[in-house]
There are 2 protein chains.
Amino acid sequence: MSVRRDPEGRRRTIVRAAMRVIAEVGRGQVTHRLIAARAEVPLGSTTYYFPTLDDLVVTAMREATEDARAQLEAWAEELMRSDDQVTTLVDLIAGYLADREQALLEYELYLAAARAPDLRPSAALWLDGLRGICSRLAGGYERGVALAALVDGALLQALVTGDPLDTEGLRAGVAGLVSPRTTAGST
Amino acid sequence: MSVRRDPEGRRRTIVRAAMRVIAEVGRGQVTHRLIAARAEVPLGSTTYYFPTLDDLVVTAMREATEDARAQLEAWAEELMRSDDQVTTLVDLIAGYLADREQALLEYELYLAAARAPDLRPSAALWLDGLRGICSRLAGGYERGVALAALVDGALLQALVTGDPLDTEGLRAGVAGLVSPRTTAGST
DNA sequence: CCTTCTCCTGTACGGTTGTACATGTACAGA
DNA sequence: TCTGTACATGTACAACCGTACAGGAGAAGG
């Protein structure tokens with residue numbers, strides 16, 4: 001009954017390794033050999049499961065958005081439970097930046113989508129999720145779009161500068177965009 | 001009197017070509033040969049003026065921030081002259097996105113700074129400029145930081161999705177963060 | 001004219017890359 | 001047990017890479 005051969009699992013191992021490598025060295029520096037070493041599988045395995053390196057990279061990036069999407073749902077739940085949504089949102093953003101590598105990976109993917117149209121649907125899916133959450137917070141779609149841009153920009157800037165998140169500035173901005181009713185506590 | 005030999009000019013030609021290539025294919029895919037072809041100079045020239053490819057890429061990226069910095073000053077002037085700064089800012093952002101390649105190059109640089117510390121000063125310089133402008137608009141540093149994040153996020157998202165800028169959403173957000181006095185017209 | 005220096009470039013080389021593939025191995029069905 | 005099929009991998013190769021460098025070519029000073 002025990003499966004000595006586990007193609008599905010092995011495939012996933014490779015994809016997860018690819019994600020880690022991309023997060024570390026960036027999309028442009030990824031090679032079959034780096035991924036194989038990280039996954040602790042022979043080089044041949046990486047070419048067996050994916051016809052081309054680009055396929056592997058794209059798969060890894062899609063997987064990364066899947067993760068991000070899941071995390072976003074956790075955000076939504078936490079915000080629903082919270083009675084101080086501004087503080088909660090700021091905390092969530094700060095928490096997101098705690099895993100810098102994961103964040104870097106996602107923004108690498110994000111920007112890659114700007115150049116590679118086949119990655120765009122994944123990126124758009126995440127962005128739609130964020131906008132949905134923000135719209136609920138801001139009490140309106142337009143302000144929600146703006147709030148999502150604010151969150152996105154704050155994350156990007158924190159990553160780029162390497163400085164810790166400017167929570168006061170962020171809080172001021174979020175408070176300015178969240179609808180007063182939401183700030184007060186009730187829906 | 002005519003200078004057949006023009007080392008300075010040739011060097012600049014190579015750097016500008018490098019900028020274009022980076023904008024097109026991304027930082028990770030840049031090669032000496034691509035740059036040489038784009039600049040219409042022999043391969044040897046690209047290695048003559050720059051000891052290593054990385055030096056060339058870094059130089060090109062610094063040059064790009066220099067351009068961005070100059071553009072930012074133009075923004076500041078235009079905003080000073082304007083009597084409807086919200087509209088002007090939205091228009092400036094839309095105008096920035098008109099040259100998609102240039103914008104892509106800058107955001108590539110931006111994200112590259114997240115991984116390469118030696119690029120961070122350039123990126124930080126630009127961000128400080130943006131924050132300065134935004135602080136003047138928002139009437140306070142904290143709100144200015146938030147407004148800068150909003151602008152940055154809006155640009156990034158427009159680049160990533162490939163969709164045209166959501167001007168209504170952006171306008172709503174900017175209006176919410178710009179100080180009422182500034183919105184009305186006076187300082 | 002010659003010398004000298006900087007600019008310039010074609011060619012070459014060692015190293016790394018993506019990918020192909022022959023060979024082997026474990027498992028399922030007969 | 002035998003056989004076929006999917007899984008697995010070590011090795012090989014052509015292509016491309018960054019970089020080095022010998023040597024040509026023009027300008028400047030004598």
Side-chain angles (χ1 to χ4, degrees), chain A residues 1-63 108-109 112 115-116 118-119, chain B residues 1-63 108-109 112 115-116 118-119:
Chain A
M1 191 60 73
S2 71
V3 275
R4 299 284 306 275
R5 295 252 180 130
D6 182 11
E8 210 67 29
R10 184 160 264 252
R11 196 187 140 96
R12 260 224 306 278
T13 303
I14 294 172
V15 172
R16 306 304 292 193
M19 288 170 58
R20 294 217 302 280
V21 172
I22 295 172
E24 278 172 26
V25 304
R27 196 199 182 197
Q29 315 300 326
V30 174
T31 68
H32 276 127
R33 286 161 177 87
L34 276 178
I35 296 170
R38 173 66 60 146
E40 295 180 22
V41 301
L43 171 62
S45 292
T46 62
T47 66
Y48 176 76
Y49 284 98
F50 302 90
T52 176
L53 177 62
D54 215 60
D55 285 311
L56 174 48
V57 170
V58 167
T59 304
M61 291 200 147
R62 281 202 230 278
E63 185 80 6
E108 188 100 21
L109 151 70
R115 229 188 290 278
D118 51 329
L119 285 174
Chain B
M1 190 58 76
S2 72
V3 273
R4 300 281 308 273
R5 297 256 181 126
D6 182 13
E8 209 67 29
R10 184 158 264 253
R11 196 186 141 97
R12 259 224 307 280
T13 301
I14 293 172
V15 172
R16 305 305 291 193
M19 288 170 58
R20 293 218 302 279
V21 171
I22 296 170
E24 278 172 24
V25 304
R27 197 199 182 196
Q29 316 300 328
V30 174
T31 69
H32 276 126
R33 287 163 176 85
L34 276 179
I35 296 171
R38 174 64 61 142
E40 296 181 23
V41 300
L43 170 62
S45 291
T46 62
T47 66
Y48 176 76
Y49 285 96
F50 301 90
T52 177
L53 177 62
D54 214 62
D55 285 310
L56 174 48
V57 170
V58 168
T59 304
M61 291 201 147
R62 281 203 229 279
E63 185 80 6
E108 187 98 22
L109 150 70
R115 229 186 285 275
D118 52 327
L119 285 174

Could you give me the CA-CA distance, side-chain angles and deciding distance for I14(A) and F50(A), then say whether side-chain contact (heavy atoms from CB on, under 4.5 Å) is met? CA-CA 10 Å; I14(A) 294 172; F50(A) 302 90; 3.9 Å; yes

note: E40(A), atom CD; dT9(D), atom C1'; distance rounded to Å ~ 16 Å

Collect all protein-nucleotide pairs involving nucleotides 18-21 of chain D in which both atoms are nitrogen or oxygen and the distance is under 3.5 Å.
residue: dG18(D); atom: OP2; partner: H32(B); partner atom: N; Å: 3.1
residue: dG18(D); atom: N7; partner: R33(B); partner atom: NH1; Å: 2.9
residue: dG18(D); atom: O6; partner: R33(B); partner atom: NH2; Å: 3.0
residue: dT19(D); atom: OP1; partner: T52(B); partner atom: OG1; Å: 2.5
residue: dT19(D); atom: OP2; partner: T52(B); partner atom: OG1; Å: 3.1
residue: dT19(D); atom: OP2; partner: L53(B); partner atom: N; Å: 2.7

Test of understanding: with salt bridge (charged side-chain N to carboxylate O under 4.0 Å, His left out), list the residues that count as partners of R115(A), not counting sequence neighbours. E108(B)

Quick one: side-chain contact (heavy atoms from CB on, under 4.5 Å) partners of R12(A), sequence neighbours excluded? none

Under the side-chain hydrogen bond (donor to acceptor under 3.5 Å, both in side chains) rule, collect the residues that match up with R10(A), sequence neighbours excluded. S45(A)

Residue set satisfying salt bridge (charged side-chain N to carboxylate O under 4.0 Å, His left out) with R16(B), at least two apart, ordered chain then number -> E63(B), D67(B)

Is a side-chain N or O of T31(B) found less than 3.5 angstrom from the main chain of L34(B), in a donor-acceptor match? yes

Go through the structure and list residues passing side-chain contact (heavy atoms from CB on, under 4.5 Å) with A60(B), not counting sequence neighbours. V15(B), A18(B), M19(B), I22(B)

According to salt bridge (charged side-chain N to carboxylate O under 4.0 Å, His left out), does anything in residues 30-43 of chain B pair up with another residue at least two apart or in another chain? List the pairs. E24(B)-R38(B)

Euclidean distance, atom CG of residue L56(A) to atom C1' of dT19(C) [Å, nearest integer]: 13 Å

Under 3.5 Å, which protein N or O atoms sit close to an N or O of nucleotides 3-7 of chain D? Give each pair with its distance.
residue: dC7(D); atom: OP2; partner: Y48(A); partner atom: OH; Å: 3.0
residue: dC7(D); atom: O4'; partner: R5(A); partner atom: NH1; Å: 2.9
residue: dC7(D); atom: O2; partner: R5(A); partner atom: NH1; Å: 3.2

